[in-house]
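Heads up: the structure comes next, in structure tokens.
Heavy atoms only: backbone and side chains are in, while hydrogens, waters and symmetry mates are out. Per chain, numbering begins at 1; letters A, B, ... match sequence-line order.
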Amino acid sequence: MELIKELTWRGMIHDIMPGTEEQLTKEITSAYVGFDPTADSLHIGNLVPVMLLKFLQLSGHKPIALVGGATGMIGDPSGKSAERQLLSLEDINFNLEAQKKQLEQFLDFDCGDNSAEIVNNYDWFKDINLLDFIRDTGKHITISYMMSKDSVKSRLESGMSFTEFTYQLIQGFDFLYLYENKNCKIQMGGSDQWGNIVTGTELIRRKARGEAFALTAPLIKKADGTKFGKSEGGNIWLDPKKTSPYKFYQYWLNSSDADVENFIKIFTLFDKETIDALIIKHNEDKGSRVLQKALGKDITCRVHSEEEYENAVKASEILFKKGQEAVDGLKSLSASLIQDIFEGVPQATFSKADLANGIDIVSAFVEKGKFLSSNGEARRELKQNSISVNKAKVNDTCVLTEEDLIGGKYILLQKGKKNNYLVTVE
RNA sequence: GGGGAGAUACUCAAGCGGCCAACGAGGACAGACUGUAAAUCUGUUGACUACGUCUUCGCAGGUUCGAAUCCUGCUCUCCCCA
């Protein structure tokens, strides 16, 4: 596999420094991507740089994932309109460990010369003192050079602390360090990282008299203009505790036709022939959503597991099937499987005694279940005919009783098509 | 330091003494259509013990039968001049 060719047809190259391709054909080359420990899990937006590393490794080169124990203390101003809140050291370390574990599942760490590696820039920054840094590194980069970066320019009006202004130097130094100590010659990242990366190659040129390269991937845009990787509930995380595999799968399954071709090229390892074939099949019958399903399957299996994927599909089928069929489907499931499938779906537990007396539908949603925030909202939804109990639409006279139990234990409540709530009765 | 403008619901943005729970737009949610889509059409979008009541228009007071609208003080934001 030739990396640049591969990334080109996948639409993953935004900017590339001249000479990068030659470098890659010349020798096994190390390249790195940095990850910011701003949260205790990676989200699907981070998957783009992860895939860059993956394709790099598949094409025979050595990927280095850098977790930003040091840079995370500063805050990258790129693409941010306001000063960042600093994280505590404990938080950073906690986040870092969590992200490291996630990164490990995507790359091969035991395949000889091009085994992947994870490094933490705190390891080298902790021993550097301010004066040395200013003398040895700062001397090579001018203020006007730093000021000309978009990440800085756009913040001159709204304000930017010296701390964030320094960021590009710190990240540039990372590249220099990796160049000198690990023979790393390429830095990759999102297109918003271009400025930071170039500062690194510049440092390497001036201080180490070396040549280093850069490659960035475009920021993912969705056709409808909304932000990629966000849903009502916020970010789509890789951590199943933060985003259930069901929701994760649903996110990909709901990709629009306008986006899904791009997504499948970026986020899956399918080769060109496979993807082209899928696209043809998809276009024959868009309604069957061939691409969305293939994408959802591949990525859910790789991020979570095949088992989680199957549960997600099972849950999807049941939750979106109509009427009696869905109820029968639910009934056929074992209690433990129901727990698995509905992991991440809002849940509540009602007592048997309450149910024996009958629970009116409004209080089931608000007072008892806490699924909706006010009785008014519940009544409104009922009036709009959007509330279902066990897949059947109900009105405001509905009262839940033992009759409604599925498998003697569960009641499935829904608002609209996509909002599911599971009630367990004990 | 001097002068001016402004703060309204998730966001933008009307209203400038009663007809205001507050026009409109966007967003969000739901219904129809559909592919769990897009586009489109429709409805909803402060709370409640609900044809009525209560709490909301930066904060605290005041004038008035009655205020988001007038007055006073405070806080914050923006602009212009020095």
Side-chain angles (χ1 to χ4, degrees), chain A residues 81-83 156-159 221-228 230-236 243-264 278-297 299-300 309-323 325-327 329-330 341-342 344-346 360-363 365-398 412-422:
Chain A
S81 55
E83 186 82 8
L156 284 180
E157 293 287 314
S158 59
K221 287 204 193 76
K222 290 209 298 180
D224 62 4
T226 57
K227 221 175 162 193
F228 170 76
K230 297 249 181 195
S231 72
E232 328 80 64
N235 275 322
I236 304 293
T243 300
S244 70
Y246 168 74
K247 267 203 185 145
F248 185 87
Y249 174 70
Q250 281 287 322
Y251 184 84
W252 299 106
L253 188 68
N254 277 310
S255 307
S256 73
D257 290 340
D259 293 321
V260 70
E261 273 190 40
N262 297 333
F263 291 176
I264 202 163
L278 284 169
I279 290 173
I280 289 168
K281 218 166 149 201
H282 182 263
N283 286 334
E284 279 167 7
D285 176 15
K286 295 197 178 211
S288 64
R289 290 182 293 166
V290 172
L291 285 172
Q292 282 90 341
K293 283 178 184 162
L295 171 66
K297 176 178 180 179
I299 199 163
T300 308
Y309 158 74
E310 271 162 22
N311 283 343
V313 171
K314 222 173 273 172
S316 302
E317 276 170 1
I318 287 165
L319 292 173
F320 288 98
K321 233 178 228 162
K322 308 227 160 60
E325 216 181 327
V327 176
L330 255 187
I341 288 175
F342 286 91
V345 168
D360 80 274
I361 189 71
V362 171
S363 87
F365 264 93
V366 183
E367 191 192 330
K368 291 266 183 342
K370 307 250 188 286
F371 300 135
L372 298 177
S373 59
S374 77
N375 291 348
E377 193 182 351
R379 291 207 189 89
R380 213 182 292 133
E381 297 295 347
L382 283 160
K383 208 172 284 170
Q384 295 191 117
N385 199 30
S386 70
I387 301 294
S388 308
V389 173
N390 295 334
K391 306 292 292 185
K393 293 276 160 126
V394 298
N395 60 30
D396 58 0
T397 60
C398 171
L412 176 65
L413 303 178
Q414 287 175 298
K415 176 173 81 89
K417 279 176 227 165
K418 296 186 181 177
N419 302 291
N420 305 294
Y421 312 94
L422 184 69

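In the set B:C29, B:G35, B:U49, B:G35 carries the atom at the smallest distance from any side-chain atom of A:K286. Distance from the side chain of A:R289 is smallest to B:U36 among B:G31, B:U36, B:U49. Listed nucleotides B:C29, B:U45, B:U49 differ in distance to A:N419; the shortest reach to its side chain belongs to B:C29. For A:L253, the side-chain atoms get nearest to B:U36 when compared with the rest of B:U45, B:A37, B:U36. Comparing atom distances between the A:Q384 side chain and each of B:G35, B:G43, B:U49 picks out B:G43 as nearest. Listed nucleotides B:U44, B:G35, B:C48 differ in distance to A:R380; the shortest reach to its side chain belongs to B:U44. In this structure, of B:U44, B:G31, B:C48, it is B:C48 that holds the atom nearest to the side chain of A:N375. The side chain of A:K418 approaches B:A37 more closely than any other nucleotide in the set B:A37, B:C29, B:A47.
Taking the O4'-C1'-N9-C4 or O4'-C1'-N1-C2 dihedral as appropriate, B:C51 has a value within 90° of 0 and is therefore syn.
Pairing partner, B:C29: B:G43, with both Watson-Crick or wobble hydrogen-bond distances short of 3.5 Å. As the counterpart of B:A82, no nucleotide is assigned, since no Watson-Crick or G-U wobble pattern has both distances under 3.5 Å. Nucleotide B:C57 forms no Watson-Crick or G-U wobble pair with any nucleotide shown, as no partner meets the under 3.5 Å limit on both distances. For B:A38, there is no paired nucleotide, since no Watson-Crick or G-U wobble pair has both relevant distances below 3.5 Å. The pairing partner recorded for B:U75 is B:A7, the criterion being a Watson-Crick or G-U wobble arrangement whose two distances lie under 3.5 angstrom. Judged by Watson-Crick or G-U wobble contacts below 3.5 Å, the nucleotide B:C70 has B:G62 as its partner.
Going from the P atom of B:C19 to that of B:G73 covers 29 Å, rounded to whole Å. Taking the P atoms as reference points, B:G18 lies 24 Å from B:A13, given to the whole Å. Using atom P as the reference point in both B:A22 and B:G27, the two lie 23 Å apart (nearest Å). Comparing B:C74 with B:C29, their C1' atoms are spaced 39 Å from each other, to the whole Å. For the C1' atom pair drawn from B:C80 and B:G66, the interatomic distance equals 40 Å after rounding to whole Å. Rounded to whole Å, the P atom of B:C23 lies 9 Å from the corresponding atom of B:G46. Taking the P atom of each, B:U42 and B:G24 are spaced 14 Å apart, rounded to whole Å. Atom P of B:A25 sits at a distance of 25 Å from the matching atom of B:A37, rounded to the whole Å.
Heavy atoms of A:N385 sit under 4.0 angstrom from primed sugar atoms or phosphate atoms, though from no base atom. Nucleic acid contact for A:K383: none, since no nucleic acid atom lies under 4.0 Å from a heavy atom of the residue. Within 4.0 Å of A:G376, counting heavy atoms only, lies at least one base atom of the nucleic acid. In this structure, A:K393 reaches the sugar-phosphate backbone alone: every heavy-atom distance under 4.0 Å involves primed, P, OP1 or OP2 atoms, never a base.
A heavy-atom distance below 4.5 Å is not found between the side chains of A:F365 and A:E377. Proximity of A:R289 to A:V260: side-chain heavy atoms (C-beta onward) are nowhere separated by under 4.5 Å. With a 4.5 Å cut-off on side-chain heavy atoms, A:P245 and A:Y309 do not count as touching. Annotation: side chain of A:I279 is in contact with side chain of A:L291 (closest heavy-atom distance under 4.5 Å).
For NZ of A:K368, the number of neighbouring non-hydrogen atoms (other residues, nucleotides, ligands) closer than 6.0 Å is greater than 12. In the displayed structure, A:K383 atom NZ is contacted under 6.0 Å by at most 12 heavy atoms of other residues, nucleotides or ligands.
Ring geometry for A:F228 against A:W252 counts as tilted: the plane angle lies between 30° and 60°, on a 0 to 90° scale.
Checking A:V366 against A:H282, the closest nucleotide of RNA chain B that is more toward the 5' end is the one next to A:H282. Take the nearest nucleotide of RNA chain B for A:R379 and for A:S316: the residue whose nucleotide is more 5' is A:S316.
Distance, A:Q414 CD to B:A30 C1': 14 Å, rounded to whole Å. Atom CG in A:L372 sits roughly 11 Å away from atom P in B:A30 (whole-Å rounding). Counting to the nearest Å, the P atom of B:G35 and the CD atom of A:E284 are 17 Å from each other. Regarding A:E317, its CD atom lies at a distance of 17 Å from the P atom of B:G35, rounded to whole Å. The separation between A:F320 atom CZ and B:U34 atom C1' is 14 Å, rounded to whole Å. B:U36 atom P lies 19 Å from atom NZ of A:K415, rounded to whole Å. B:A28 atom P lies 15 Å from atom CD of A:E381, rounded to whole Å. Here the P atom of nucleotide B:G35 and the CD atom of A:Q250 are 17 Å apart, to the nearest Å.
Side chain of A:S255 to backbone of A:Q292: no donor-acceptor contact under 3.5 angstrom is found.
Put simply, A:S256 has no side-chain N or O that comes within less than 4.0 Å of OP1 or OP2 on B:A37.
Taking only distance into account, the side chain of A:K417 meets the base of B:U34 through a donor-acceptor pair shorter than 3.5 Å. Scanning atom types as modelled, one donor and one acceptor separated by under 3.5 angstrom connect the side chain of A:D257 and the base of B:G35. Judged by distance alone, with hydrogens and angles left aside, A:E377 brings no side-chain donor or acceptor close enough to the base of B:U45 to form a pair under 3.5 Å.
Among all heavy-atom pairs drawn from A:C398 and A:V394, the shortest one is CB-CB, 3.8 Å.
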